[in-house]
Enquirer: 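Please read through the structure below; I'll follow up with questions.
Each chain gets a letter, A, B and so on, in the order the sequences are listed, and its residues count up from 1. Every value quoted in this text rests on a predicted model; they were computed, and no experiment measured them.
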Number of protein chains: 2
Amino acid sequence: MIREACPVLAPQRRERIRTLVREGVARVEDLRKTLKVSVATIRRDLEVLEEQGKVRRVHGGAVSTESRLEESVFDDKTTQSSKEKLRIAEEAYRMIEREESIFIDGGSTTLFLARMLCDRNDLTVVTNSLRAALELAEKGPRVILTGGELRRISQTMVGPLTSAVLGQVRVDKAFMGTMGFCLTNGLTTTDPNEAYVKNLVAEHANQVILLADSSKAEKVCFARVSDWDKVDCLVSDDKLPPSFAKSLRKLGPKVRMT
Amino acid sequence: MIREACPVLAPQRRERIRTLVREGVARVEDLRKTLKVSVATIRRDLEVLEEQGKVRRVHGGAVSTESRLEESVFDDKTTQSSKEKLRIAEEAYRMIEREESIFIDGGSTTLFLARMLCDRNDLTVVTNSLRAALELAEKGPRVILTGGELRRISQTMVGPLTSAVLGQVRVDKAFMGTMGFCLTNGLTTTDPNEAYVKNLVAEHANQVILLADSSKAEKVCFARVSDWDKVDCLVSDDKLPPSFAKSLRKLGPKVRMT
DNA sequence: TCGAAAACGATCAAAATCAATCGAAAACGA
DNA sequence: TCGTTTTCGATTGATTTTGATCGTTTTCGA
């Protein structure tokens, strides 16, 4: 036995395990060598961390809990043209002022925005995106979830129940995503339930800011969301055709291309 | 004994401890060496500082309340008696029938229950727990989130907005957690907002089933949730005193001990 | 399908840490 | 200066954490 003096505190060690696991997978044996403690201790730590939902144990080690979701269809979207999406999100971030209340929609571009907010304690964030809520679950602004039925594909809350909460709040700015947008049909998406929620959000926002990369331009999907008169600003990337931007500006919205 | 002349004043020393802890973590032994006082003094200082909410003590030292470490330590208490909690959850699972709609409350015991449901496509699950929703985010039953303000500590949605959704649904069985329960005061928890939600859920459930291990027995917390007449069944572990179970049955609820 | 190797969980003992107590020294007020 | 209060250090017994061992389970290749 002969236990060594504890070199690091247990919570510190667990936090290290957590970050190591986040990198991908972490085998028990590797963790033992890195942290210089017995496998029993590693196992106990993993047990605690799993209990807290921080990691998921597997035979031989542990994997990140977040990885499960990121494997799904969802993550395909986050990798595609993620450069543009990140730049769009950064531009959107600059539009947020102090002490504002904002809405964050589901989708990958808006998720980038949500990630940037975890150091802002002055904001109030309303969202129907489970993923966005997760990003802000540990720290950051005040978070209000809309509630409603969980739509698995997009990990958002949709349906009539959503309106129950949305009817009782107003936000300064709503940052919305969309599956497609074009001059004639306005904003469209795949699911009517989601379209309904987006529309509802627009009604309860002082400003509607659409975050959509240029790949969405001239795309029309099944469910209609709204016309351009509801949209105050479109933030997109520089691959958006200038002619499109010019025509759009005539319809009302400002257009920012980063 | 033979006490040295006090090198620095107590408040000054505590402030130093505080800044040292703010760096991340500080071990008692290290503090003793740097401040040149006995461990007893260090402990006393840490005790005071924790009372003031300046630091959070852990075995071997203290961590900053601002760091990410803090939060991982926070629910250490929930990891206790996880065996019992798992057994309780299994017992609860057996109470669920086909095609039912159920509510799942926040808390670790109910989280175990949520994990067991990911193969059930026949159910409808209403929950105010972000963690429970996550467990069922990929596959499993239909999930409906209550919405509301996110309470970070418990990762649940609480507050008046919650009632907007809850008012529109009914569930067959509500599986509730609690921080404490006793014969005279009924169910209690720490946060009044959460107590309010629990109470509201009970109103919209045909059956209320309380999942609580025996460590919660005879504990009374700040916020009152409800009396026993709202509770149809208590599922606990076998360490619950038989006399307690007997007295409780007289008040109405069935009692199951696994 | 079987068997070996790896990994796991449970248990126990050692070491470190902790909480409680007591007595002494310093600080304080008169 | 005297008596009181506060602060501090040492001791002791309890608690927590950790590591080692052993029997069991899981995994993987033959």
Enquirer: May I ask you to check whether T258(B) and E90(B) show a side-chain donor-acceptor distance below 3.5 Å?
Expert: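 Absent: no donor and acceptor within the cut-off.
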Enquirer: Within a strict 4.5 Å, meaning less than it, do heavy atoms of the I102(B) and V171(B) side chains meet?
Expert: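 Not touching, per the 4.5 Å side-chain cut-off.
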Enquirer: Dot-bracket for DNA chain C: what is it, with Watson-Crick or G-U pairs under 3.5 Å, [ ] where a pair crosses earlier ones, and | for a pair to another strand?
Expert: ||||||||||||||||||||||||||||||
Enquirer: Ring centroid separation for F112(B) and F175(B), is it under 6.0 angstrom?
Expert: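 Here the rings of F175(B) and F112(B) have centres that are no less than 6.0 Å from each other.
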Enquirer: Rounded to the nearest angstrom, tell me the gap between atom CZ in R32(B) and atom C1' in dA10(D).
Expert: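 Going from R32(B) (CZ) to dA10(D) (C1'), I get 13 Å.
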Enquirer: Picking from dT18(D), dG9(D), dA20(D), which would you name as closest to the side chain of V37(B)?
Expert: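 Comparing dT18(D), dG9(D), dA20(D) against the side chain of V37(B), the answer is dG9(D).
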Enquirer: Please list every donor-acceptor pair under 3.5 Å in which a side-chain atom of residues 142-150 of chain A meets a protein atom from a residue at least two apart or in another chain.
Expert:
residue	atom	partner	partner atom	Å
R142(A)	NH1	E149(B)	OE1	2.9
R142(A)	NH1	E149(B)	OE2	3.3
E149(A)	OE1	R142(B)	NH1	3.0
E149(A)	OE2	R142(B)	NH1	3.3

Enquirer: dT18(D) P sits how many Å from L46(A) CG, rounded?
Expert: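 Taking CG of L46(A) and P of dT18(D), I get 13 Å after rounding.
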Enquirer: For E50(B) and dC18(C), give me the distance from atom CD to atom P, rounded to whole Å.
Expert: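 Answer to the nearest Å: 12 Å.
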Enquirer: Just verifying a value: how many Å separate E99(B) CD and D172(B) CG, rounded to the nearest 0.5 Å?
Expert: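 E99(B) CD to D172(B) CG: 10.5 Å, rounded to 0.5 Å.
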Enquirer: Can you give me the N/O atom pairs linking the protein to nucleotides 1-8 of chain C at distances under 3.5 Å, or say none if there are none?
Expert:
residue	atom	partner	partner atom	Å
dA7(C)	O4'	H59(A)	NE2	3.4
dA7(C)	O3'	G60(A)	N	3.2
dC8(C)	OP1	V58(A)	O	3.4
dC8(C)	OP1	G60(A)	N	2.5
dC8(C)	OP2	R43(A)	NH1	2.2
dC8(C)	O5'	R43(A)	NH1	3.3

Enquirer: Side-chain donor-acceptor pair under 3.5 Å between N128(B) and T156(B), yes or no?
Expert: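 Judged by distance alone, the side chains do not pair up.
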Enquirer: Rounded to whole Å, please give me the gap between CZ in R13(A) and P in dT17(D).
Expert: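 Answer to the nearest Å: 10 Å.
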